[in-house]
> 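This structure is in structure tokens; I'll ask about it shortly.
In what follows, chains carry the letters A, B, and so on, assigned in the order in which the sequence lines appear, proteins first and then strands, with residues in each chain numbered from 1. Atom set for the values below is all heavy atoms of this structure, side chains included, hydrogens, waters and symmetry mates excluded.
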There are 2 protein chains.
Amino acid sequence: MYDKNKIKLAIVDDHPMILEGLKSLLEKDTKFLVFSFTKGTAVIDFIQENKIDVVLLDIVLSDGNGLDFCKIIKQKAPQSIVIALSNQAERSIIFRFLENGGNGYILKNADSLEIIEGIEKALIGDLALSKEVQEIMLRTSVTDFELPRLTKREKQILQAIAKGNTSAEIAEQLFISLITVETHRRNLLQKFKAKNMMELVKIATENQLI
Amino acid sequence: MYDKNKIKLAIVDDHPMILEGLKSLLEKDTKFLVFSFTKGTAVIDFIQENKIDVVLLDIVLSDGNGLDFCKIIKQKAPQSIVIALSNQAERSIIFRFLENGGNGYILKNADSLEIIEGIEKALIGDLALSKEVQEIMLRTSVTDFELPRLTKREKQILQAIAKGNTSAEIAEQLFISLITVETHRRNLLQKFKAKNMMELVKIATENQLI
DNA sequence: TTGTTTCTAATGGTTTACCATGATTTTTTA
DNA sequence: TAAAAAATCATGGTAAACCATTAGAAACAA
């Protein structure tokens, strides 16, 4: 069962179906030994006790997000290779994942060949990026402008706006004047160079700012 | 290879990874013979030439939706069993799928055991419903507010609104009067009993309506 | 402690969104 | 083909969002 020469893989995804399917798929290649996890915290516990070569990590998890887990894994087990395996195709997310030490990013619409090739690339020290991810990263487009950062209050207000609350409602909830809420709205629109709140909320949610 | 006694399964999903994983998983059980498809139209062509026992059908597909494909499959091959295998947990979608002749509905957060049990249940004529699906179906009308359906035009307009377009811009884009756009807005708000468009867009995106 | 940012609040005005109601034409479906 | 559903346009009004500018108080960092 246990074989020192096998590549030890951990897969983290909160869909048991994907987890089992991927495990079954990867273990067809006998050089892989696969451990699977539905929680990010579980895999972090595991890697501290057991040496793992590669972690395939979903970005959206029930107990946190893959960006943070990647950072933690890299702190606790720097020798482990961490590859994102996600539906998240947002440009900024990909960059943030790699910034956090990730060794690759593969979209879930990739096929098994791309995944296996990605793992092998990462094992020899290359970045493992699926085709579509490379395209997204190369997009040098209009969308590529430095995202403003939100203050605590702005985030609070933007979250309320995104829920459908009106300025009056928000003022009441936060015990501040309607005028103040409207000032925050204006500042937000200027910061983001957005035409209206709908556009701003779209940008903010796409970039996980709220 | 071909064995008359094997249960012939078709899996339709637009993620190659899920497709391959599930195929690998199900074929561990040697009584299954699995064919996989990424397009709904492809599986419809296939079942007309080849007898298939069970179709596992995703609801969200690139070339249409599983609700319609289920209906078509049941017309062209009434003996085939059709089971939804989807992330869509919307109560109304589940009912509509079963209305269209579906023999079961399994959520993608189910594990492989639930899927195999579901297939076996459906083969003996029972409804194949995963645990969570049953819970959703039993939810009484308190939590259950039936999601309205969007017409083609409404969907188009709502998508534009969600992007941050104003009514005037949308009118221009679609070559219709500003008044018409505003009428659609009003109808949408009424349909969804929403206070404003921000709330409505939130509901619509959460339920993958747009 | 002194800048800097953030949060707060105000005036006054424009634009856009939302509300109520009604009606014609086109398209879909039974 | 008749009935139903969807898409179109209209009037007239209210509420909310957006725009420009200013400014004091509080929190925070150099």
> Taking only N and O in the side chain of B:Arg153, is any of them less than 4.0 Å away from OP1 or OP2 of D:dA7?
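The answer is no; no side-chain N or O of B:Arg153 sits under 4.0 Å from OP1 or OP2.
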
> Main chain of A:Leu61, side chain of A:Asp58: is a donor-acceptor contact present, judged purely on distance under 3.5 Å?
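No; zero donor-acceptor contacts below 3.5 Å.
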
> For the helix from C:dT1-D:dA30 to C:dA30-D:dT1, what is the angle between the axes at its two ends, each from 5 pairs, rounded to 10°?
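Here the local axes at opposite ends form an angle of 70°.
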
> Using side chain to side chain contact (heavy atoms under 4.5 Å, CB included) as the criterion, list what pairs up with B:Leu174, not counting sequence neighbours.
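Checked B:Leu174 against side chain to side chain contact (heavy atoms under 4.5 Å, CB included); matches are B:Arg153, B:Gln156, B:Ile157, B:Ile170, B:Ile176.
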
> Considering residues at least two apart in sequence or located in another chain, which fulfil the side chain to side chain contact (heavy atoms under 4.5 Å, CB included) criterion with B:Ala162?
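If we apply the side chain to side chain contact (heavy atoms under 4.5 Å, CB included) test to B:Ala162, skipping adjacent residues, the hits are B:Val201, B:Ile210.
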
> Counting neighbours of NZ on A:Lys163 that are heavy atoms of other residues, nucleotides or ligands and sit closer than 6.0 Å, is the number greater than 12?
no

> Between the main-chain N or O of A:Ala122 and the side-chain N or O of A:Asp126, is there a donor-acceptor pair closer than 3.5 Å?
no

> Measure from the side-chain N and O atoms of B:Asp63 to the backbone N and O of B:Gly40, and report whether any donor-acceptor pair falls under 3.5 Å.
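Flag set: sc B:Asp63 to bb B:Gly40 pair under 3.5 Å.
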
> Write out a two-atom table: protein N or O, nucleotide N or O from nucleotides 23-30 of chain D, distance below 3.5 Å.
none

> With distance as the sole test, does B:Asp68 use its side chain to make a donor-acceptor pair with the main-chain N or O of B:Lys71 at under 3.5 Å?
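Absent.
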
> Where along residues 155-177 of chain B does a heavy atom come under 4.0 Å from DNA chain C, residue by residue in number order?
B:Thr166, B:Ser167

> Nearest to the side chain of B:Thr151, heavy atoms from C-beta on, is which of C:dC7, D:dA17, D:dA7?
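Among the listed nucleotides, the one closest to the side chain of B:Thr151 is D:dA7.
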
> Only counting residues at least two apart or in another chain, list the ones meeting salt bridge (Lys or Arg N to Asp or Glu O under 4.0 Å) with B:Glu135.
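With sequence neighbours excluded, B:Glu135 shows a salt bridge (Lys or Arg N to Asp or Glu O under 4.0 Å) to no residue whatsoever.
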
> Between D:dT8 atom P and B:Arg185 atom CZ, what is the distance in whole Å?
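To the nearest whole Å, that distance equals 15 Å.
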
> More than 12 non-hydrogen atoms from neighbouring residues, nucleotides or ligands closer than 6.0 Å to NZ on A:Lys202, yes or no?
yes

> Pick the closest DNA chain C nucleotide for A:Glu154 and for A:Arg186 by heavy atoms, then say which residue is nearer the 5' end.
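Its nearest nucleotide lies further toward 5', so the answer is A:Glu154.
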
> Could you state the atom-to-atom distance from CD1 of A:Ile179 to C1' of C:dT11 in whole Å?
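Interatomic distance, CD1 of A:Ile179 to C1' of C:dT11: 8 Å.
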
